[in-house]
Amino acid sequence: MPSRNGWWMFLPLVAFIGLAVLLATQLGRNTEELPTALAGKPLPTMQLPSLMRTGSEVSNDFFIGHWTLLNVWATWCPTCYVEHPYLMQLAEQGVRIVGLNYKDDAGKAREYLAKYGNPFVEVPADESGRYGIDLGVYGAPETFVINPEGEVVLRYVGELNDRSWQQRFAPVWQKEAE
Amino acid sequence: MVAELGHFCLWLALALAVLQSTLPVYGYVSGKPWLQAVARPAALLQWLFLSIALLTLAWAFYSHDFTISYVAGHSNSQLPLGYRISAIWGGHEGSLLLWVWILSLWGLMVSLLRGRVPTDVHALVLAVMGMIGIGFLLFMLLTSNPFDRNLPWFPLDGADLNPLLQDPGLIIHPPMLYTGYVGFSVAFAFAIAGLIAGRLDPAWARWARPWTTVAWAFLSLGIALGSWWAYYELGWGGWWFWDPVENASLMPWLCGTALIHSLAVTEKRGLFRAWTVLLALMAFSLCLLGTFLVRSGILTSVHSFANDPARGAFVLTFLAIVVGGSLTLFALRAPVLRHRAGFEWLSRDSFLLGNNLLLLTATFVVLMGTLFPLIGEALDIKISVRSPYFNAFFVPLTLVLMLLLVPGMFSNWKKQDGKALLKRLLWLAPVSVVAGAALVAFSDGEMPFVGVLAVIMVVYVILAQLSDWLQKALAFRVGLLRGAGRLTRAYHGMLLGHIGLAVIVAGVTQVSFREVERDLRMVPGDVIEVAGYQFAFSEVVERAGPNFDAIRAIVPVTENGRDIVTLTPEKRTYRVSGQVMTEAALHSNFFRDLYVALGEPIDQAEQAWAVRIYYKPGIGWLWIGSLLLGIGGFLAASDRRYRSKSSEQADAIA
């Protein structure tokens, strides 16, 4: 164990500083506003059957030309029941919402919308959950903001309510007006 | 109201942590013993308030208080009681509370069991632990409060605990692991206190040693439990994946193993002082690094908590302050560590130095393997580090470690006579080679050369422990059992630890080279033979669990017409989250596990299923070996010399 000069005692500190700098740069990467790999990218290719208009398909074209909320929901998701009234309220205010019915039973989903009201302009059904994988969905509910070019602008995991709308969605949504 | 009580207790604990970390240091500097005396009651009260906070959260889970975001996110009205309790540490915020509570528990133990540690050093140790507590309490209160309310819009029911975590193994794995992790904070605190007080002599090593050994034992058990859980719950039949989070727990373990060996040298010989202190600082720093990696979301893993850069930034800052500060202190206090005493190259001292270098190399290998993806990202190249990289290093490192372990044990401190050492190894080496080769030859299955080598090493290490024990016990000349009774607990702990290592290596060798894995398409009525066992896929039935629906396959297993067991692997769909989980079915005995997992349905009409069947020899030895490590650690830490007064006098004589 050399201890005469003492300079080596600083080696661990120097090594640690190098490591800390590396970690800090990586952290910087993640501090992006949008925690999704899809940020700024077009919505993954969608080709899903419509729940309400049997026989027709919903594709990416449906999102072109309008600002749209893409809400991932299911009848097995308790939080979806909670946020449903708020979605109704948004729809009344003229917000265009597409409801991706995720890993659900078509019959139950129709019943749900009949019972609680339908805030969605269109309901693509992702019964297998395949499209959810393309979107990188954790679970339901999740809500994405899609711009008129059909690109993902924001991803929000969890319940959509007045608080999350004001904090996260409103700043993005207002760009539409400008 | 209950949540507010818990929240309030966290702030009180923070206030106490601030008192505990500032007043004793001021008292030490200004020489006021009454200020130093604040540390002990502060630690006690901190534990008390954190216990109340933990109970509060438990109550919230018990009573389904979904107004609390954390409860709503990790529980559900259908969740069985046991999992509602373990859900306390099923997510980021709650596991952090458990972390801090365990830290306070260690603080309480240190404050109660002062032993012969001088009051001023003892107060400094508690002060350092208080500082760590401040960091984690602030982290919790500022970025991840488990008591945050979801008001006024709270969900009617919770989102349920991740089904992966709904498992008995997960009830005890995190507390064990955290107890180990956090336990290294005591060694860390002793190192800092020793640096400040300028006392890093053999007596210091004796104070720090039992704490370190207990922490190491808990960490060993915690890692083994995690591996066991991954093995039977993830349904892949694997037991170690070199996943970043597993690596995060392995690094402090490797470094801690080096530390308990180097503490032995410092205690017995007063050597390796700087080295020992550095290892103590590193072991805890690696624990913090692990925490950072898991909670910052910068690495993806099966275990990751939610990706949150604010949390990452906080932990990184904390890491920089704690590690940077302690390493600076280490560099500045270098003169304190200066100690001149020589040792011959052939001595236990130098063998233990070899042990330390090997273990640190292993730590470095894991660190690099874990950080490669980050380095790659920084340089914009995609690198995937998988098991071949780790195996390429770990196999030779482990074998060399085992090879050197035996002469190290057989050698004297300071200076060992080469001829005497050779004489003891001369019978052991050929016996091990012959016995090891015979074991491989007379058991079923192929084994490559490296496997044979590993078996020989296992035999060699175990025989060495037994022969050393016999020789030492008989040397008292009072008969074997009474002689063994005179050997210390620390010595027995060491033997158990080494045997545990050998047993683990034996298990890994068998399962790596002799497991049989079959991926099959089966329809009811099919029978398949795997490793001498007949697995019959007899029927598929449906079953409803408390919060899931399951499809269950009935698989009777026979061995040449003799019934062994009926295995019932399941595919579970959890009602709330809709997640589908594979619940593997196992049958274990001393020699092997039979493991059946139900894959995906292939054909609904025919009821055809993808089925995975494994025959896993020696897998149970991993858990037995790990248990021996844990028991060995506890035994060694309970040695009389850490409690009795006589050793202090022995120091004076030495």
Side-chain angles (χ1 to χ4, degrees), chain A residues 1-33 35-37 74-86 102-105 127 129 132 137-141 157-165, chain B residues 66 69 72-73 76-77 150 152-160 271-275 278 281-282 285 289 292-293 296-299 306-310 312-313 316-317 319-320 323-324 326-328 330-335 337-340 353 367 371 374-375 377-378 575-579:
Chain A
M1 295 282 97
S3 61
R4 207 168 306 153
N5 298 322
W7 64 267
W8 73 272
M9 311 282 269
F10 283 94
L11 274 184
L13 182 61
V14 173
F16 170 73
I17 292 172
L19 179 63
V21 169
L22 173 73
L23 293 178
T25 57
Q26 290 307 305
L27 206 58
R29 244 164 229 256
N30 271 3
T31 32
E32 285 173 74
E33 191 69 38
T36 163
T75 55
W76 45 260
C77 141
T79 313
C80 297
Y81 288 79
V82 177
E83 76 173 7
H84 198 81
Y86 192 71
Y102 179 58
K103 286 194 187 173
D104 208 353
D105 177 77
E127 221 177 307
V137 168
Y138 287 158
V157 180
E159 185 193 337
L160 183 58
N161 54 34
D162 200 38
R163 189 165 47 175
S164 51
W165 177 263
Chain B
F66 296 126
S69 309
N76 183 267
S77 54
N150 230 349
W153 295 274
F154 65 89
L156 300 174
D157 204 342
D160 206 2
L271 291 171
F272 297 2
R273 294 180 183 193
W275 187 245
L278 186 60
L281 300 183
M282 271 175 56
S285 304
L289 181 70
F292 169 74
L293 291 179
S296 63
I298 64 172
L299 288 173
N307 178 351
D308 186 335
L316 187 61
T317 311
L319 193 71
V323 183
S326 59
L327 290 178
T328 309
F330 171 78
L332 296 177
R333 296 288 285 174
L337 301 160
R338 214 166 280 173
H339 178 73
R340 299 217 169 275
L353 183 61
L367 183 67
L371 296 181
L374 289 184
I375 298 170
E377 197 124 312
R575 289 183 202 116
V576 176
S577 59
Q579 279 200 60

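Order of the sequence lines sets the chain letters (A, B, ...), proteins ahead of strands, with each chain counted from 1.
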**OP:** Please identify each residue that fulfils side-chain contact (heavy atoms from CB on, under 4.5 Å) with B:T328, with sequence neighbours left out.
**Re:** A:L13, B:L332

**OP:** Write down the atom of A:F16, the atom of B:L327, and the distance for their closest heavy-atom approach.
**Re:** CB-CD1, 3.8 Å

Subject >> Heavy-atom contact with chain A under 4.5 Å, split by part of B:L289 >> reply: side chain

Subject >> Non-hydrogen atoms of A:P12 and B:F330 that approach each other most closely >> reply: CG-CE2, 4.3 Å

Subject >> Note, A:L19 side chain near B:V323 side chain (heavy atom, < 4.5 Å) >> reply: no

